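Below is one structure; the comments refer to it alone.
Every number for a ligand or one of its atoms is a count from 1 in the order of the listing. Everything numeric here is computed off the predicted structure, so don't read it as measured data. Position 1 is the first residue of the sequence, and the numbers go up from there.
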Amino acid sequence: MIQETSEDRNQYQKLDGLKILKEKVDLSQFQTKPKEGAGKQKKKRKRIEKPAQGQSNAQNTNQGNRPQGQQGNRSQGAGGNNQGGNRGGSRRGGKKNERVMPVELTDEQVKNQIKETLEKLTNKGGKSKAAKYRKEKRTFRREQDELQQEREAQDRTLKVTEYITVGELAALMDVSATEVISTCFSLGVMVTMNQRLEADILQLVADEFGYDIQFSDADLEESSDEEEVDSPEDLLPRAPIVTVMGHVDHGKTSLLDYIRKTNVIAGESGGITQHIGAYSVKLENDHRITFLDTPGHEAFTAMRARGAQVTDIAIIVIAADDDVMPQTKEAISHAQAAGVPMIIAINKVDKPNANPDRIREQLSAMNILVEEWGGNVQSQEISAKFGNNVDLLLEKVLLQAELLELKANPDKRAQGVVIEASLDKGRGYVSTLLVQSGTLKIGDYLLAGKNHGKVKAMLDERGKPMKEAGPSKPVTVLGLDGAPTAGDKFRVYEDEREAKTIANKREQLQREQSIRTKKHLTLDEIGRRIALGDFKELNIILKGDVDGSVEALSDQLQRLSTEEIQVNILHKGVGQITESDILLATASDAIVIGFNVRAGANAKELADREEIEIRTYSVIYAAIDEVKEAMEGMLSPEIKEQVIGNVEIREVFKISKVGSIAGCMVLSGKVTRNSKIRLLRDGIVKFDGELESLKRFKDDVKEVTKGYECGLNLKGYNDIEVGDILEVYEEVAVKKKLK
Ligand SMILES: Nc1nc2c(ncn2[C@@H]2O[C@H](COP(=O)(O)OP(=O)(O)OP(=O)(O)O)[C@@H](O)[C@H]2O)c(=O)[nH]1
């Protein structure tokens, strides 16, 4: 019988501690914390080891911590547990002597036993291990997922240049070109495989395929350069740039001529003899004003349509012996649309029938209140012909300029806008540039539109050579390799190669642009964008046959404004739709609405070229309904008019029983017996209906085509005149455009 020693008891106590440990002790303590009195125990163990020498081998095996007499029990389970079991059993039995002893355990062994036992008893260690493993696995998976997502996001971002074609885009997205083309089509853009897409369309198309677009291009670097912000201390005051606008014959040219020829106040040596498209004058107080030498709002808006906002202040010339005329109204609308402040020059006050008050009154009816009448629009009575009070007008320009706090940084490479350019036999290409910021110097490498070159010589408006030109200075430059277009932007580059590369790209761009689809706004497009939620303003240019209907329609259209979408009538007027209306629409992303009026031939051509939509109506509520539907993002024009021919009335025969018969020439397209007909006189609709009869000589015919004469009369309408135009149209079902 083996006697239990105090050492054995000690060991038992350690095992008894399991119960407590089971509930309270963190396993990690066993792994790291040295046991109290460990050194002492070691000593004691040594004492025990001596009488049990024969066990040394067994201690070197796995069973080393097991008493020999317990070997048989091993098969029943792990040693520690068994021992506990036996021990527990013997305790319960109260027979101390039956305990299987002696137990020879090192600290390490005890630790392991306790750990094992704990795990067995509570399964806690196992659980926590598994939980830890699961947690690690989850974290790993999450990290992998995040990495994957990042990689996918990178994969879904296409780095492209602005010059990418439809075919190339398709290849990048790994889809067929046909898919891209049909997506473009569904977005309302007709393209071919080798065509380029505009940046925003490119984004939209890529988006449809789940890709993001990131542009990388020298041109974009260039544009980011353009946005570089000057620090306030670098900004110095600059001269205002002024455009003169107004109705025909009201005196725009006379005013500009007077200012140019007389040097008004300062009397700088050498009058301005050259016409270079812009000139700068110095006033007595040493202030300067730069005038754009092409009067009229068409030139002004054409520049804007090319993206060049040059003008700071607009002088609106109105002849005091006349009224505020349609072109005056247009000029005002164009200035307002551009956000350019106006100064009213009431001209021709020298004339005996001049009535400046009538002008002020008519302006006030348009909500333009001049200062004398308590408003905030400056005005000055002048006589451009005799130069009376022109100096005062210019002072008002300076005052306005002061309010605008016009400033620019002269201390950097120049950039600005091309005013005009031409080929001079002796001097080569000559371009007038207006510097907007920085200083242009001889020897600079210049890029203007798609042309480039080194500035060889610079001249001012007096023909005098210049070495440098700062902000607001117009200057004639020699050295470009071609004639850029008015409104093109220019800038100076550090080296010629850079300027040349971008010039080449632009050249390519322009070549492609001829086959490229530009997309201006249509009512359908507006509907689509509103539906997408990225449209906040609807700009409208409204023309009509009579003042009453224009006002009524304008009023009702404006009332359609909601909190989300503002309806702006940029310009309204009586008369046919003109080129200037189309230009304004181009510059301001507007649609043109005609009420009982049509566009003139040139305007129509320009509208086609610029893809400006002209929507014409003859019933007010139809116009309102369509605009409203577009605003609600659900416009669906199923039936559209298609003009199939134009016929001019060249003779009128009055026949008592039949009425008026028109002898006509088909100018374009054709006229058919069943066509719908609209009679236009000076662009205004006088009749809208059908034909009564259509004849070639004496025979009734079904149709007459371009270049042939015909006779016809209109159903129920006899008020026809020589020179009237008959617009032949059909109503066709049009494929619904994408919303
Ligand atoms: N009496 C008088 N006649 C003027 C005055 N200003 C211009 N005129 C005359 O009005 C006519 C038209 O003047 P312009 O300067 O050509 O008018 P405009 O606005 O430039 O005309 P367009 O270039 O056709 O658009 C000319 O015969 C001028 O001599 C003025 O202050 N007084």
- Can you find an N/O atom of Ala384 closer than 3.5 Å to an N/O atom of ligand 1? yes

- Atoms of ligand 1 close to Ser383 [distance to a heavy atom under 4.0 angstrom, numbered from 1]: 30 (C), 31 (O), 32 (N)

- Query: Cut-off 3.5 Å, side chains only: do Gln378 and Lys396 have a donor facing an acceptor?
  - Reply: no

- Do any nitrogen or oxygen atoms of Gly251 come within less than 3.5 Å of a nitrogen or oxygen of ligand 1? yes

- Message: Out of all atoms in ligand 1, which are within 4.0 Å of some heavy atom of His247? Include the element for each.
- Response: 19 (O)

- Item | Sole residue of His334, Glu330, His571 in side-chain hydrogen bond (donor to acceptor under 3.5 Å, both in side chains) with His297 | Glu330

- Task: For Lys351, counting its heavy atoms only, list the atoms of ligand 1 lying under 4.0 Å from any of them.
- Result: 1 (N)

- Nearest protein heavy atom to atom 5 (C) of ligand 1: under 4.0 Å? yes

- Item | Cationic N near anionic O, under 4.0 Å, Lys604 to Asp608 | no

- Query: With a cut-off of 6.0 Å (strictly less than), are more than 12 heavy atoms of other residues, nucleotides or ligands near CG of Asp682?
  - Reply: no

- Could you tell me the residue and atom name of the protein heavy atom closest to atom 25 (O) of ligand 1, and the distance to it rounded to 0.1 Å? Lys252 NZ, 2.8 Å

- Query: Of all the atoms in ligand 1, which lie at a distance below 4.0 Å from a heavy atom belonging to Ser254?
  - Reply: 6 (N), 7 (C), 13 (O), 14 (P), 15 (O), 28 (C)

- Query: Which residue holds the protein heavy atom closest to atom 32 (N) of ligand 1, what is that atom called, and what is the gap in Å?
  - Reply: Asp350 OD1, 2.8 Å

- Name the closest protein heavy atom to atom 24 (O) of ligand 1, giving the residue it belongs to and the distance to 0.1 Å. Val248 CG2, 3.4 Å

- What is the nearest protein non-hydrogen atom to atom 21 (O) of ligand 1, stated with its residue, atom name and distance? Asp249 N, 3.0 Å

- Query: Do NZ/NE/NH1/NH2 and the carboxylate oxygens of Asp719 and Arg681 come within less than 4.0 Å?
  - Reply: yes

- Item | Nearest non-hydrogen protein atom, atom 3 (N) of ligand 1 | Lys385 CD, 3.5 Å

- Query: Using 4.0 Å as the upper bound for N to carboxylate O, is an ion pair formed by Glu551 and Lys572?
  - Reply: yes

- Taking atom types as modelled and ignoring hydrogens, do the side chains of Ser379 and Glu372 form a donor-acceptor contact shorter than 3.5 angstrom? yes

- for atom 10 (O) of ligand 1, nearest protein heavy atom and its distance come out as Lys348 NZ, 3.0 Å

- Message: Could you check whether Lys543 pairs with Asp581 (Lys NZ or Arg NE/NH1/NH2 to Asp/Glu carboxylate O, under 4.0 Å)?
- Response: yes

- Task: Measure the distance from atom 23 (O) of ligand 1 to every protein heavy atom, then report the residue, atom name and distance (to 0.1 Å) of the closest one.
- Result: Thr253 OG1, 3.4 Å

- Task: Considering only protein heavy atoms, determine whether one is less than 4.0 Å from atom 27 (O) of ligand 1.
- Result: no

- Message: Using a 6.0 Å distance limit plus a 45 degree cone around the ring axis, check whether Arg678 lies over the aromatic ring of Phe687.
- Response: no

- Message: Could you check, using the six-membered ring where one of them is a Trp, whether Phe291 and Tyr279 have ring centers closer than 6.0 angstrom?
- Response: yes

